[in-house]
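A quick write-up on the structure given underneath.
Owing to the predicted nature of the structure, the values given are computational and were not obtained by experimental measurement.
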Amino acid sequence: MSTGARPTALVRFARSAPRVAVLAVAALALAACGGGTEKTGSSSSPSAPASSGGADKPAAFPVTVAHKYGSTTIDKEPKTIVTLGLSDQDAVLALGIKPAGSVDWFKEQPYGKWPWTKDKWGSVKPVIVGERDEYNIEKIAQLKPDLVIAQYSGMKKEQYDTLSKFTKVVAQPKEHPDYGAPWQVMTRQIGKALGKDAETEKLIADIGTRFKAVREKHPEFATKTLAVADSFEAGKYSAFTKTDPKAIFFSELGFKLKPEIDGLAKPGWNVAELSAEKLNILDVDRLVWVTSSTEANDRIKAEPLYKKLKVNQEKRDLFVPYQDPDIGAAFSFNTVLSIPYAIDEIEPLLAAVK
């Protein structure tokens, strides 16, 4: 892959992880299965230790966390944690722990080292133990983790069973499809596994306060319908459904989402694929394009059928970069760490649209 193509590849996955994951594992059944017997891993790895912290002391262990493949009982405070969900490291970092291992993001932003996490990571770099939902089991085992977390993931049952032979594993939430759980649910799962329920609830409440403040400052948002979209190549467009993190973010800012988009998505997908002839579905009050380049922006704006939309003619569409600045990445992650950054960056842009 050429250097010029790599940012597009990053955006294609990082901005719509559910979509790529579904493409990769379209045949997977989403039914929950029973969990296997687990053994606790040994203590912290000297090569990539996780440092505990946080405002309150861990809750009394053991704790039991239910998930897609059953439930996992964690007997004592975990010291070495590996995160396999694409944004799981944010919640772990927010709770004062640096994961010993994490997954890669197309080698562009490994382990999610974005502006909202740089101070949390400091000089520590986790071991990269896989890419997307393809995990290097040997590398994970070498870290001797006490706990593996896979919330924003498409972890398969066989992967869960393999990992459970040498460590505790908390897989994705069972009440939601893969990549479809709200950030609050995933954060609570992570907080419970780490024995930090009280601190977790405070983090969630603080984010709720931030969203509420925006809604109160901009009551007009509640009267507007919004859609989030992208385009990776000419003639092909995508609109994100209500279960995608990006759409959830704008919903919590107060905007109404367009249910017709959900109806166009394939079962299990967080995105509806659109041809140019179906762009009228995006003729909403506010349209947010999350794009990777000015070339993509120019291509979208040049589409004859897009030019006919009122949202374009009346300049109610926003073209938001994924990186530089990292606005799109922030609301694509939609985590307890990235949300404040995303709000600070996107609020003035939205407010400026009349």
Side-chain angles (χ1 to χ4, degrees), residues 35 38-59 61-67 69 71-105 110-113 117 119-130 133 135-153 155 159-160 162-173 183 185-200 203 333 335-337:
E38 299 183 24
K39 298 179 181 180
T40 303
S42 59
S43 59
S44 180
S45 164
S47 61
S51 57
S52 297
D56 56 348
K57 294 181 180 179
F61 286 87
V63 295
T64 299
V65 186
H67 50 73
Y69 301 122
S71 63
T72 298
T73 297
I74 302 160
D75 302 308
K76 58 184 180 180
E77 180 186 1
K79 299 293 185 180
T80 304
I81 293 96
V82 169
T83 58
L84 299 181
L86 300 175
S87 59
D88 293 358
Q89 65 276 352
D90 279 17
V92 176
L93 287 166
L95 291 168
I97 299 172
K98 298 175 183 178
S102 189
V103 290
D104 202 356
W105 287 70
Y111 57 87
K113 194 170 184 181
T117 60
D119 290 342
K120 299 290 185 180
W121 283 112
S123 60
V124 173
K125 291 185 178 180
V127 175
I128 302 303
V129 295
D133 292 328
Y135 315 131
N136 187 318
I137 302 298
E138 183 178 354
K139 277 191 175 182
I140 297 172
Q142 288 174 351
L143 292 173
K144 299 181 180 180
D146 303 303
L147 176 65
V148 167
I149 295 170
Q151 293 301 291
Y152 192 58
S153 81
M155 176 181 279
Q159 292 171 316
Y160 171 80
T162 299
L163 290 165
S164 296
K165 293 177 180 178
F166 62 85
T167 188
K168 303 289 185 178
V169 184
V170 176
Q172 58 266 45
W183 64 269
V185 171
M186 294 186 289
T187 303
R188 285 193 174 99
Q189 290 283 91
I190 292 170
K192 186 173 184 180
L194 298 178
K196 292 178 176 285
D197 284 329
E199 192 173 347
T200 299
L203 286 171
F333 267 65
T335 66
V336 290
L337 286 183

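Contact annotation: the side chain of Val92 never approaches that of Asp90 to less than 4.5 Å [non-hydrogen atoms, C-beta and beyond]. Between Thr72 and Tyr160, some side-chain heavy-atom pair lies under the 4.5 Å cut-off. Val65 places none of its side-chain heavy atoms less than 4.5 Å from the side chain of Ser71. The shortest distance between side-chain heavy atoms of Leu337 and Leu203 does not fall below 4.5 Å. Residues Leu163 and Leu84 have side chains in contact (heavy-atom distance under 4.5 Å, counting atoms from C-beta outward). You'll find the side chain of Gln151 reaches within 4.5 Å of the side chain of Val170, heavy atoms only. Taking the side chain as every heavy atom from C-beta outward, Ile137 and Lys139 never approach each other to under 4.5 Å. Under the 4.5 Å side-chain criterion, counting only non-hydrogen atoms from C-beta, Met186 is in contact with Pro173.
Taking every heavy atom of both residues into account, Tyr69 and Ala171 meet most closely at CD1-CB, 3.6 Å. In terms of heavy-atom proximity, Pro78 sits nearest to Phe61 at CD-CZ, 3.9 Å. Pro62 approaches Thr73 most closely through the heavy-atom pair CB-CG2, 3.8 Å.
Tested against Pro145, the residues Leu143, Ile149, Leu147 include a single side chain to side chain contact (heavy atoms under 4.5 Å, CB included) partner, Leu143.
With rounding to the nearest 0.5 Å, the separation of NZ in Lys192 from OG1 in Thr64 is 7.0 Å. Rounded to the nearest 0.5 Å, atoms CD1 (Ile81) and OG1 (Thr167) are 9.5 Å apart. Interatomic distance, CH2 of Trp183 versus CZ of Phe333, reported as 16.0 Å (0.5 Å rounding). For the atom pair CG of Leu86 and OG of Ser102, the computed distance is 8.5 Å after rounding to the nearest 0.5 Å. For the atom pair CH2 (Trp121) and CD (Gln89), the distance works out to 6.5 Å, reported to the nearest 0.5 Å.
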Worked verdict on Val169 versus Gln159 for side chain to side chain contact (heavy atoms under 4.5 Å, CB included): CA-CA 10 Å; Val169 184; Gln159 292 171 316; over 6 Å; no
Criterion side chain to side chain contact (heavy atoms under 4.5 Å, CB included) on Leu95 and Thr200, from CA distance to verdict: CA-CA 7 Å; Leu95 291 168; Thr200 299; 3.6 Å; yes
Audit row: Lys168, Asp75, salt bridge (Lys or Arg N to Asp or Glu O under 4.0 Å) steps and yes/no: CA-CA 10 Å; Lys168 303 289 185 178; Asp75 302 308; 3.7 Å; yes
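Although no hydrogens or angles enter the test, the distance criterion places a donor-acceptor pair under 3.5 Å between the side chain of Asp146 and the main chain of Lys79.
Ser87 and Thr335 form no side-chain donor-acceptor contact under 3.5 Å, judged by distance and modelled atom types alone. Checking Thr83 against Asp88 by side-chain atom types alone, no donor-acceptor pair falls below 3.5 Å.
Ser153 is linked by a side chain to side chain contact (heavy atoms under 4.5 Å, CB included) to Asp133, Tyr135, Ala150, Met155, Gln172, counting only residues two or more places apart in sequence or in another chain.
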